J.: 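Here it is, the structure in full.
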Amino acid sequence: MSESQIDALRADFERDLAEATSATALRAVRDRYLARKGGRVSALLKTLGSAPPDVRPRLGKLANDLKQQIESRLDERMAATAEARPPAGAVDLTLPGRRPPLGHRHPLTLLRERMEAIFNRMGFLVIEGPELEDEYHNFEALNMPPDHPARDMQDTLYLAAPVRSAAGTPATLLRTHTSGMQIRYMEQHQPPVRLIAPGRVYRRDNLDLTHTPMFTQIEGLVVGEDVSLADLKGTLFAFLRELFGDERKLRFRPSFFPYTEPSAEVDISCGSCGGTGLVAPKPGGSRTGEGGCSMCKRTGWLEILGSGMVHPAVFEAVGYDPERYTGFAFGMGIERVALLKWGVEDIRLFYENDLRFLEQFPL
């Protein structure tokens, strides 16, 4: 043992003490220097017997002073660390708060706003009206008299007794479409007309994969001089391409609606199979699969909306001159558009309020 060894041990201790920032690290320093077996101070004291007799008392005193100094310094640091440690269950006020989960509008609302925005840019007026409707505006003014077979297609929900609607007329049913708002608007305004009427509609349907007794519809109407079928096709194709993208194919298909003539339905290529009618290929496999694409029933096409040129009888019902004015109308269900746009196969998912499903849709 020598004074230089004692000084070196003191310097090592001060360095290790400065680096220890936790109670665990301080306990490790204590064991390293003060342990009875293997401690550096104990090992130094064991070498005292080999020192010259004339310096042994002095070196022994220096070694004991160092041991006491190490014990004192460690006790001070351990006490300071204990005081700084927060009590069990304490709240650290310096920590940032937990960010609460934020909700957003329902995906069907987001899609409706997106569709309205596209038509707004095309110059369409957005109108809304009563969900309780009378038979004249819901059927008869749209070329569907009481005995018309097209009424059976609507599966109407009638009220037990007539009630006074917001429009001021006795309402007898829940509207089956928003076309009644087109009639109401034309009764009060002269051409040109360019509008869409979004809103909830009701039909006697069972809740299943693709049907619901209440759904949201957007119907559009354009009336003016020299409005043609080409205008209808161009408007709908421009709308659908902006909503779905240029990669989806579109086609016109003849159909029948009592308030339009000629009438047509618009189909869009299936997003699940890419319009092939076949299931998507597995990695390293062929593009065949058993049964083909279940979404489009192996056709490659999906119906998205109905449309046509406004029937002259509708113009006569609202006082328009069918010899002077022509127009087109169209309608689509927002839920159906959502199914086709996002590849959802069960319409019920939009109404079950399962956050795991709803959180998948972007703001």
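This is a predicted model, so every value here is computed, not measured. We use all heavy atoms of the structure for the numbers below, so side chains are in, but hydrogens, waters and symmetry mates are not.
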J.: Once you round to the nearest 0.5 Å, how far does OG of Ser179 lie from CG of Leu142?
T.: 5.5 Å
J.: Answer yes if Tyr136 and Val318 sit in the same cluster of Ile, Leu, Val, Met, Phe, Trp and Tyr residues linked by side chain heavy atoms under 4.5 Å apart, and no otherwise.
T.: no
J.: What pair of heavy atoms forms the shortest contact from Ala197 to Met181, and how long is it?
T.: CB-CB, 4.0 Å
J.: Is the shortest side-chain heavy-atom distance between Leu74 and Tyr33 below 4.5 Å?
T.: no
J.: Find out if a path of hydrophobic residues (ILVMFWY) with successive side-chain heavy-atom gaps under 4.5 Å connects Leu229 to Val222.
T.: yes
J.: Is Lys341 reaching over with its side chain to a backbone N or O of Leu243, donor-acceptor style, under 3.5 angstrom?
T.: yes
J.: Got a salt bridge between Lys61 and Asp65, using NZ or NE/NH1/NH2 to carboxylate O under 4.0 Å?
T.: yes
J.: Look at the aromatic rings of Phe330 and Phe124 and report parallel, tilted or perpendicular, splitting at 30° and 60°.
T.: perpendicular
J.: Is Asp155 paired with Arg203 through a side-chain N to carboxylate O contact shorter than 4.0 Å?
T.: no
J.: Hey, would you say the Phe315 and Tyr325 ring centroids sit under 6.0 Å apart?
T.: no
J.: Could you report the tightest heavy-atom contact between Thr178 and Pro198, atom names first, then the distance?
T.: CG2-C, 4.3 Å
J.: Does Arg356 pair with Asp354 as a salt bridge, N-O distance under 4.0 Å?
T.: yes
J.: In the structure I gave you, are the side-chain heavy atoms of Asn138 and Asp134 within less than 4.5 Å of one another anywhere?
T.: no
J.: Could you walk me through whether Thr260 and His311 pass the side chain to side chain contact (heavy atoms under 4.5 Å, CB included) test, one step at a time?
T.: CA-CA 5 Å; Thr260 56; His311 198 287; 5.8 Å; no
J.: Show the nearest heavy-atom pair for residues Ala20 and Leu26, with the distance to one decimal.
T.: CB-CD2, 3.7 Å
J.: Report the C-alpha distance between Glu335 and Tyr351 in whole Å, list the side-chain angles of each, state the deciding distance to 0.1 Å, and finish with yes or no for side-chain hydrogen bond (donor to acceptor under 3.5 Å, both in side chains).
T.: CA-CA 10 Å; Glu335 285 83 350; Tyr351 297 101; 2.4 Å; yes
J.: Check whether Met309 and Phe252 end up in the same hydrophobic cluster, where Ile, Leu, Val, Met, Phe, Trp and Tyr are linked by side-chain heavy atoms less than 4.5 Å apart.
T.: yes
J.: Search all heavy atoms of Leu132 against all heavy atoms of Val163 and return the closest pair with its distance.
T.: CD1-CG2, 3.6 Å
J.: Is the shortest distance from a Lys or Arg side-chain nitrogen in Asp12 or Arg40 to a carboxylate oxygen in the other one below 4.0 Å?
T.: yes
J.: Are Leu207 and Leu209 grouped together when hydrophobic residues (ILVMFWY) are joined by side-chain heavy atoms under 4.5 angstrom apart?
T.: no
J.: Does Glu116 pair with Arg112 as a salt bridge, N-O distance under 4.0 Å?
T.: yes
J.: Say whether, by atom type as modelled, one donor and one acceptor occur between the side chain of Ser307 and the main chain of Ala264 under 3.5 angstrom.
T.: yes
J.: How about Tyr202 and Pro213: do any of their side-chain heavy atoms sit closer than 4.5 Å?
T.: no
J.: Is the distance between the ring centroids of Phe350 and Phe357 under 6.0 Å?
T.: yes
J.: Backbone N or O of Arg77 within a donor-acceptor pair of the Thr81 side chain at under 3.5 Å?
T.: yes
J.: Applying a strict under-4.5 Å side-chain criterion to I, L, V, M, F, W and Y, I'd like to know whether Trp301 and Phe244 cluster together.
T.: no
J.: Distance-only, no hydrogens or angles: does the Ser263 side chain make a donor-acceptor pair with backbone N or O of Phe257 under 3.5 Å?
T.: yes
J.: Hey, are Glu133 and Arg184 close enough for a salt bridge, meaning a charged N less than 4.0 Å from a carboxylate O?
T.: yes
J.: To the closest 0.5 Å, what do you measure between NE2 (His106) and CG (Asn353)?
T.: 6.0 Å
J.: What pair of heavy atoms forms the shortest contact from Cys270 to Arg248, and how long is it?
T.: C-NH2, 4.1 Å
J.: Can you check whether Val227's main-chain N or O pairs, donor with acceptor, with Asp231's side chain at less than 3.5 Å?
T.: no
J.: Please round to the nearest 0.5 Å and tell me the distance separating atom CD of Glu113 and atom CD1 of Ile118.
T.: 12.5 Å
J.: Step by step, work out the side-chain hydrogen bond (donor to acceptor under 3.5 Å, both in side chains) result for His104 and Glu359.
T.: CA-CA 9 Å; His104 58 76; Glu359 288 174 347; over 6 Å; no
J.: Do Arg204 and Thr156 pass the side chain to side chain contact (heavy atoms under 4.5 Å, CB included) test, and can you show the C-alpha distance, the side-chain angles, and the key distance before you say yes or no?
T.: CA-CA 6 Å; Arg204 196 187 300 270; Thr156 309; over 6 Å; no
J.: May I ask you to test the Val223-Phe328 pair for a side-chain heavy-atom distance under 4.5 Å?
T.: no
J.: Ignoring hydrogens and geometry, is there a side-chain-to-backbone donor-acceptor pair from Ser22 to Ala25 under 3.5 Å?
T.: yes
J.: With distance as the sole test, does Thr326 use its side chain to make a donor-acceptor pair with the main-chain N or O of Glu225 at under 3.5 Å?
T.: no
J.: Let me confirm one number: the CD-CG distance from Gln190 to Asp321, rounded to the nearest 0.5 Å.
T.: 10.0 Å
J.: For the backbone of Arg200 and the side chain of Arg175, can you confirm whether one donor and one acceptor N or O come within less than 3.5 Å of each other?
T.: yes
J.: What distance do Gln217 atom CD and Met332 atom CE have between them, rounded to the nearest 0.5 Å?
T.: 9.0 Å
J.: Does the distance from a Lys or Arg side-chain N to an Asp or Glu carboxylate O, for Arg30 and Asp75, drop under 4.0 Å?
T.: yes
J.: Are any of the side-chain nitrogens in Glu303 or Arg336 under 4.0 Å away from the carboxylate oxygens of its partner?
T.: no
J.: With rounding to the nearest 0.5 angstrom, report the CG to NE2 distance, Asp205 to His211.
T.: 5.5 Å
J.: Check the pair Gln69, Arg10 against side-chain hydrogen bond (donor to acceptor under 3.5 Å, both in side chains), reporting the backbone distance first and the verdict last.
T.: CA-CA 9 Å; Gln69 181 183 6; Arg10 179 182 290 106; 3.2 Å; yes
J.: Could you check if a side-chain atom of Leu195 sits within less than 4.5 angstrom of a side-chain atom of Gln182, using non-hydrogen atoms only?
T.: yes
J.: So which atom in Asn143 and which in Ala313 form the shortest heavy-atom distance, rounded to 0.1 Å?
T.: OD1-CB, 3.7 Å
